[in-house]
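Taking it in order: structure first as C-alpha cells, then the write-up.
Atom set for the values below is all heavy atoms of this structure, side chains included, hydrogens, waters and symmetry mates excluded. Lettering follows sequence order; numbering is per chain, from 1.
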Amino acid sequence: MQHKFLFINSLLPAIGLTFVSAMDKKVRVRFAPSPTGGLHLGGVRTVLYNYLFARANGGDFVLRIEDTDQNRFVAGAEDYIMNCLEWCGLVPDESPAKGGPYAPYRQSERKHLYYNYAQKLVDAGHAYYAFDTTEDLERMRKDLKKDEHSVPQYDHTTRMLMRNSLSLSNEEVMKLLEQSTPYVIRIKMPNHETITLTDMIRGEISFDSSLVDDKVLLKADGMPTYHLAVVVDDYLMKITHAFRGEEWLPSAPVHVLLWQYLGWKEHMPLWAHLPLILKPDGNGKLSKRDGDRLGFPVFAMNWTDPRTNETTKGFREMGFLPQAFVNMLAMLGWNSGSEQEIFSLDELVSRFSIDRVHKGGAKFDFEKAKWFNHQYIQRTDNATLTGLVMPYIDEQQGPGKVTPELLEQVIGLVKDRCTLLPDFWAQGHFFFATPETIDIAAIKEKWNAPKQDFFTEWKNVLENLPEWNHDAIEASCNEYVGKHGLKKGDVMLPLRIMLVGGKYGPGVYAIAEVIGKNETIKRIGSVLKTLGA
RNA sequence: GGCGUGUUGGUCAAUCGGUUAAGACGCCUCCCUUUCACGGAGGAAUGACGGGUUCGAUUCCCGUACAUGCUACCA
C-alpha cells in the first residue's frame with residue numbers, strides 16, 4: 001500500500017506532491033451539490049477540477065447530494081445533475097445512484113447520523129441549544145441594529161440576550177426540552193481566537209473567531225445545516241481534498257473549528273477555494289439571469305423548473321460538444337503555463353495542477369466558448385459528426401428524410417463554417433431541400449439579357465451532360481459563359497443564389513454535384529422564371 | 001457597516017526580481033477565395049494608485065482605491 005502511493009506521488013508535479021504526500025491516505029474528493037435546480041457551469045468546473053485531481057492521483061471521486069434543506073428541494077434535480085455529469089464524461093465513482101462503501105450519499109438519508117455529533121459538541125461545551133423563534137431572531141436583528149449597513153449577528157455579543165442553554169438556567173432548559181420546544185443547536189464560537197487554514201490555491205488565511213457568528217448546526221427539523229453536514233460527511237467519507245467555490249471562504253473558520261472540536265483535526269481535508277466565474281459585463285457572480293439577458297447558456301443542459309415549467313437553455317442543447325464544454329471550463333481559471341489551449345480529458349488529467357489555478361475570478365466569455373466548440377467540430381471526424389448532427393436535421397426535415405451518407409458528405413463540405421451543431425442545418429439546408437427563400441435582390445440589379453440567355457441555354461446543356469460531377473459542371477460552365485460574352489464572375493453569384501438561396505455556402509459546383517442534375521436544373525429554372533417575370 | 005478574497009490589453013491569460021510584458025478570443029487591415037467561411041500575414045490594445053525593500057520591480061511588503069463574496073434554522 002505504502003509503495004503504491006509513493007509511486008503515484010513520484011509522478012506528480014512538484015507542488016502537487018506537497019499536497020498529496022503529506023498523507024498516506026488514498027485521495028478522495030467529492031462534489032456536493034444541492035438539488036435545487038439547473039447545474040451551473042461553475043458547478044461543472046468544480047466537478048472537473050475534482051475529477052482531474054482524483055484521476056491524476058489515483059483517487060476516488062464521490063458525488064454527494066446535499067439535500068438538507070427540505071424547502072428548497074426540487075424534484076428531478078438530482079437525476080438532472082447525474083445526467084449532466086454523464087454528458088460531460090465526468091462520472092463519479094461513488095454516488096447515490098451507483099452506491100459505494102460510504103453509502104448513503106444523500107444527506108437526507110443520513111439524517112440520523114448528525115444529531116449525535118451535534119450533541120457531542122453540546123456536551124463538550126462547543127455548542128448549545130437555542131430556542132429562539134423566527135420572530136425572536138427578527139426582533140433581535142431589528143432592535144440591536146446600530147447603523148444602516150450592519151446586521152447584528154447571533155454571536156458572543158448577543159447570545160446572552162437570547163433564549164438558549166447558555167443564557168437560561170439548567171432548569172429552564174430542561175423544562176423547555178421536556179415540553180418539546182423546538183430548538184436548534186448552534187456552535188459557540190470562541191472569543192478572539194485566530195483561526196488559520198491553508199488553502200491549496202490561496203495559501204494561509206486567517207480569521208478572528210469573534211467576528212464569526214454562532215452558526216446553526218442542527219435545524220429544528222433535525223436536519224443538519226451545511227456546516228455540520230459537510231464536516232461530518234467529509235470525515236465519514238474519508239475525503240482528503242475539498243474543492244468548493246470561493247463563496248464558502250467566510251464560513252471556513254466554522255468548519256475548521258468543527259473538525260477540531262469533533263476531534264478529527266488530523267483528518268481534515270486540504271481545502272481549495274475555487275475562484276468565481278463572473279458575468280461578462282460588469283462584475284459579480286455569473287447567474288442564470290445573465291445568460292437569459294445576454295443570450296447564452298449558463299446551465300450544462302436544459303433545465304425545466306417543475307414548479308414554473310420554465311425551461312432554461314443548456315450548453316448541450318445549444319449545440320456544444322461536451323469535450324469542448326469541458327475544455328473551455330478547464331481553461332477558465334486554470335492554464336498549463338504553455339500556449340496549448342486544446343486538451344483532451346486525458347491530457348487535462350496529466351497536466352492539471354491545483355497550484356496553477358487562479359486566485360481571481362474570471363469573466364465568462366461566450367465568444368471564446370464558441371471558439372472552443374468550433375475547434376472541436378473541426379477535429380471531430382465526419383462520421384462521428386453525422387451521428388451528432390442528425391437529430392438537428394431530423395428536427396427540421398422529419399426523421400429519416402436525410403440519409404447518413406448524404407449528411408456525412410455535406411458535413412465534409414460545410415464543417416469549417418460551423419461553430420455550434422445547429423449551424424449544420426443553417427449552412428447546409430439547401431443540400432436537403434429546395435431553399436424556401438431566394439435572395440433575388442442580390443442579383444436582380446445586374447441581371448440582363450445575356451445572363452438570361454446563358455442560363456436558359458446552359459440549363460439544357462446540363463441536361464445532357466454525360467458526367468455529373470464538380471469538374472464536369474465547372475468545365476461546362478466555363479465553356480458556355482464565353483459564348484454569351486460573359487465572364488465567369490458574371491454568373492457565379494447568380495448560380496449560387498439559384499442553388500443556395502443566399503450568398504453563402506461551399507463551392508457552387510460541389511453543391512450542384514451533391515444535389516444532383518435534376519435538382520440543379522430545377523432550381524435554375526425556377527429562379528429563371530422569377531427573374532423573367 | 002464588518003470580515004474575507006481579489007486586481008497584467010475589451011475578455012481568458014504567460015511571467016515564479018532583470019523580457020522589445022508571450023499566446024489565445026474578439027476587433028481592424030491585407031492576402032487567399034468571383035459567395036460565406038476556413039486558412040495565412042499584419043495591426044491597435046495591458047501591469048489600478050501611492051509608498052517602501054532592492055543595483056533593479058508587473059513580480060516581494062505596506063497602505064489607498066476599486067471590485068467581488070459572505071454576513072439565513074440556503075447551500
Counting the atoms with a prime plus P, OP1 and OP2 as sugar-phosphate, which does [X] contact under 4.0 Å by heavy atoms, base, sugar-phosphate, or nothing?
{"X": "A:Glu246", "value": "base"}
{"X": "A:Pro275", "value": "nothing"}
{"X": "A:Gly505", "value": "base"}
{"X": "A:Asp490", "value": "nothing"}
{"X": "A:Val184", "value": "base"}
{"X": "A:Leu218", "value": "nothing"}
{"X": "A:Lys370", "value": "nothing"}
{"X": "A:Gly333", "value": "sugar-phosphate"}
{"X": "A:Ile205", "value": "sugar-phosphate"}
{"X": "A:Arg244", "value": "nothing"}
{"X": "A:Phe372", "value": "nothing"}

Watson-Crick or G-U counterpart of [N], or none if no pair lies under 3.5 Å:
{"N": "B:C70", "result": "B:G2"}
{"N": "B:C27", "result": "B:G43"}
{"N": "B:U53", "result": "none"}
{"N": "B:G9", "result": "none"}

Per [X] side chain, nearest of listed nucleotides [options]:
{"X": "A:Tyr504", "options": "B:G6, B:U35, B:G23", "answer": "B:U35"}
{"X": "A:Asp365", "options": "B:A13, B:G1, B:C25", "answer": "B:C25"}
{"X": "A:Arg72", "options": "B:A24, B:C73, B:C74", "answer": "B:C74"}
{"X": "A:Lys368", "options": "B:U34, B:C12, B:A75", "answer": "B:C12"}
{"X": "A:Gln153", "options": "B:C73, B:G23, B:U71", "answer": "B:U71"}
{"X": "A:Trp371", "options": "B:G1, B:A24, B:A75", "answer": "B:A24"}
{"X": "A:Ser150", "options": "B:C73, B:G26, B:G1", "answer": "B:G1"}
{"X": "A:Asp416", "options": "B:A14, B:U68, B:C38", "answer": "B:C38"}
{"X": "A:Lys488", "options": "B:U34, B:C70, B:U5", "answer": "B:U34"}

Between [X] and [N], does any side-chain N or O lie under 4.0 Å from OP1 or OP2?
{"X": "A:Arg356", "N": "B:U15", "value": "yes"}
{"X": "A:Asn335", "N": "B:A13", "value": "no"}
{"X": "A:Lys219", "N": "B:A72", "value": "no"}
{"X": "A:Lys279", "N": "B:U68", "value": "no"}
{"X": "A:His358", "N": "B:U8", "value": "no"}
{"X": "A:Lys363", "N": "B:U11", "value": "yes"}
{"X": "A:Arg496", "N": "B:C36", "value": "no"}
{"X": "A:Thr68", "N": "B:A75", "value": "yes"}

Atom-pair distance ([atom1] on [X]; [atom2] on [N]), nearest Å:
{"X": "A:Leu332", "N": "B:A24", "atom1": "CG", "atom2": "P", "value": "19 Å"}
{"X": "A:Phe364", "N": "B:C25", "atom1": "CZ", "atom2": "P", "value": "16 Å"}
{"X": "A:Met331", "N": "B:A24", "atom1": "CE", "atom2": "C1'", "value": "9 Å"}
{"X": "A:Leu276", "N": "B:G4", "atom1": "CG", "atom2": "C1'", "value": "13 Å"}
{"X": "A:Asp69", "N": "B:C74", "atom1": "CG", "atom2": "P", "value": "5 Å"}
{"X": "A:Lys359", "N": "B:C12", "atom1": "NZ", "atom2": "P", "value": "16 Å"}

Between [Y] and [X], is there a salt bridge with N-O shorter than 4.0 Å?
{"X": "A:Asp490", "Y": "A:Lys487", "result": "no"}
{"X": "A:Arg141", "Y": "A:Glu138", "result": "no"}
{"X": "A:Asp213", "Y": "A:Lys215", "result": "yes"}

Measure up the [X] and [Y] rings against each other and bin them: parallel (under 30°), tilted (30 to 60°), perpendicular (over 60°).
{"X": "A:Phe366", "Y": "A:Phe320", "answer": "tilted"}
{"X": "A:His484", "Y": "A:Phe454", "answer": "perpendicular"}
{"X": "A:His227", "Y": "A:Trp248", "answer": "perpendicular"}

Task: Residue whose closest nucleotide on RNA chain B lies nearer the 5' end, A:Val508 versus A:Leu211 - done: A:Leu211
TODO: Return the 5'-most residue of the pair A:Arg202, A:Ala220 with respect to RNA chain B, ranking by each residue's nearest nucleotide.
DONE: A:Arg202
Taking the [atom1] atom of each, how far is [N] from [M], in whole Å?
{"N": "B:U11", "M": "B:U5", "atom1": "P", "answer": "24 Å"}
{"N": "B:U29", "M": "B:C12", "atom1": "P", "answer": "25 Å"}
{"N": "B:G9", "M": "B:U71", "atom1": "P", "answer": "30 Å"}
{"N": "B:C66", "M": "B:A48", "atom1": "P", "answer": "16 Å"}
{"N": "B:A44", "M": "B:C70", "atom1": "P", "answer": "41 Å"}

- [ ] Please say whether the positively charged group of A:Lys444, taken as NZ for Lys or CZ for Arg, lies over the ring of A:Trp447, i.e. under 6.0 angstrom from the six-membered ring centre and within 45 degrees of the axis.
- [x] no
Task: No-H, no-angle donor-acceptor pair, A:Lys215 side chain to B:A72 base, under 3.5 Å - done: no
Would you tabulate the side-chain donor-acceptor contacts of residues 501-513 of chain A under 3.5 Å, counting partners in other chains and residues two or more places apart, or write 'none'?
residue	atom	partner	partner atom	Å
A:Tyr504	OH	A:His429	NE2	2.7
A:Glu513	OE1	A:His470	N	2.7

Open item on the list: Under 6.0 Å between ring centres: does that hold for A:Phe352 and A:Tyr49?
Closed with: yes
